[in-house]
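Step one of this worksheet: look at the structure below.
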Amino acid sequence: MRKGRLNKPMAEVAQRYSASVSFDWRLYPHDIAGSIAHAAALAAAGIISADERDKIDNGLRAIKREIENGKFQWDESLEDVHMNIEAALTKRIGVAGGKLHTARSRNDQVALDLRLYVKAEIAEIGARLRSLQTALLNLAGQHVDVVMPGYTHLQRAQPIFFSHYLLAQIEAFERDVERLRDCRTRTDVLPLGSGALAGSTIVLDRQSTARQLGFARVSQNSLDAVGDRDFACEFLFCLAMIGLHLSRLSEDLIAWSTSEFGFIEFSDAFSTGSSLMPQKKNPDMAELTRGKTGRLYGNLMSILTTLKALRSSYNRDMQEDKEALFDSVDTVRAALEVFSAMLPEIKIHRDRMQAAAGDPNLLATDLAEYLVKKGAPFREAYETVGKLVAHAAKTKLPLNQIPRQELKKLSALFDVDVANVFDVRRSLASRRAIGAPSPENVDAQIEHWRGQLVGGRGNLRARRRIRRTAWRSVPT
Ligand code: ARG
């Protein structure tokens, strides 16, 4: 590459500064798949012979095997994954190798590799999200009728089922799956053929290349195609959002595993001890996951900031997109894997949850609604019950043990049936509107998700997708 315009070898310090092969080597399966498809297009256009195409094809496959066996020598002086592979190919097959880069630039090549990479990772992370949802669903199924206090502001608010909490997590992760799917539609565009920025005087059949590489669409503007990293930003946002959801889940579990709550216990296999305090059992997996959310946000900020002032088309700054991307992918993959393995081993302290849910104050709103059902305007009922709660606090009597004559003083509407209000399960049974935690609703939701995740084809398809991912970009 330096044989033309440049007269001096690159300064060693400049080479070290600019080389990206130490991290972009991992694009190799996509780079090779892209080159195989490009060689096919060159042959179809009559730029190379069928024989040369086959040589390129076989050479690239051999290089791929070499990389996979750990035999390939990456050379930093060749800058990046693209130049390393091209140089190795030319060394292996001679002059035909030198024809591969016809009508192509590293600018459209790297855009192609990145899109293939993001598409593959969307499938992989989608499958891992499915595994996590399945773990949450299994837990919900095992503890379907465990009652616990629901919290707002970390204050006891109203009773819910623990399974309702778990189903809430499944909902959030489902949005993440959908977001990834959306991101995929915009990633699923072939940039190859855009050249450096203005296509090429050698015209290739891009539609056919798109079909070969599994792209739904072909980019329509060469300038935009080499400068566009929106899909990478979007994907990093999806990953940051998954991190956010995992972090909030972590935070709940960490709090609930304390002696103060005592609702759950992490398995020893997913806990650490203290180097000093012999009694300690720490929820480090959840804490690390909460902590790693910081780098997921950081990576998103990093790519957005890198791109913000770039002139149109390709600028070398864009090389900085990759480490952020790879780091977020690795982080989310690992976190999802840990959570899917950790959740099935969590011990649920049903008695502690139910004891906490026995706090009659959790049913103060039910009491107000009792008065509403007897004809009181809600605001009036709210005030009446507020006074009762204050009275209960003052007299140190639980809300459900205030004598009926005291109740009557505040509202004539209180009757013998008021005792029924203080039955947590009865309260839950009457929460029947769509989305509310009645047992019927919780059951129906569990059935729904079972159909989506376990019984249905969802999981099978997801599993098949994982297996396919590794090889999809390289036609075999
Ligand atoms: N390593 C480069 C990157 O990651 C590849 C493209 C280089 N293109 C160029 N014109 N120098 O973006």
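Values reported hereafter were calculated over all heavy atoms of this structure, with side chains retained and with hydrogens, waters and symmetry mates removed. Just follow the structure's listing: the first ligand is 1, and inside any ligand the first atom is 1.
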Problem - Check: F162 ring centre within less than 6.0 Å of F263 ring centre - result: no
Exercise for the section: Check N107 against ligand 1 and report side chain, backbone, both or neither, counting heavy atoms closer than 4.0 Å. Expected result: side chain
Exercise for the section: Classify the ring geometry between W25 and W74 as parallel (under 30°), tilted (30 to 60°) or perpendicular (over 60°). Expected result: tilted
Handout entry: Pair Y117 + F231: ring centers closer than 6.0 Å
Key = no
Completion exercise
The atoms of ligand 1 lying under 4.0 Å from a heavy atom of D80, numbered in the order shown, are 1 (N), 2 (C), 5 (C)
Practice task
Verify whether the ring centers belonging to Y165 and W256 lie closer than 6.0 Å.
Solution key: yes
Practice task
Decide whether an N or O pair under 3.5 Å exists between E79 and ligand 1.
Solution key: no
Problem - Any side-chain heavy-atom pair of F215 and L116 under 4.5 Å - result: yes
Completion exercise
If we number the atoms of ligand 1 from 1 as shown, the ones under 4.0 Å from a heavy atom of S20 are 1 (N)
Practice task
Decide whether S328 and N299 meet the rule of one side-chain donor and one side-chain acceptor closer than 3.5 Å.
Solution key: yes
Fill in the blank from the handout: Among non-hydrogen protein atoms, atom 11 (N) of ligand 1 lies closest to R106 NH2, 3.6 Å
Practice task
Using a strict 4.0 Å cut-off to heavy atoms of Q319, name the atoms of ligand 1 that fall inside it.
Solution key: 1 (N), 2 (C), 3 (C), 4 (O), 12 (O)
Fill in the blank from the handout: re atom 7 (C) of ligand 1, the protein heavy-atom contact at minimum distance is Y314 OH, 3.5 Å
Practice task
Return yes when K322 approaches ligand 1 closer than 4.0 angstrom through a heavy atom, no otherwise.
Solution key: yes
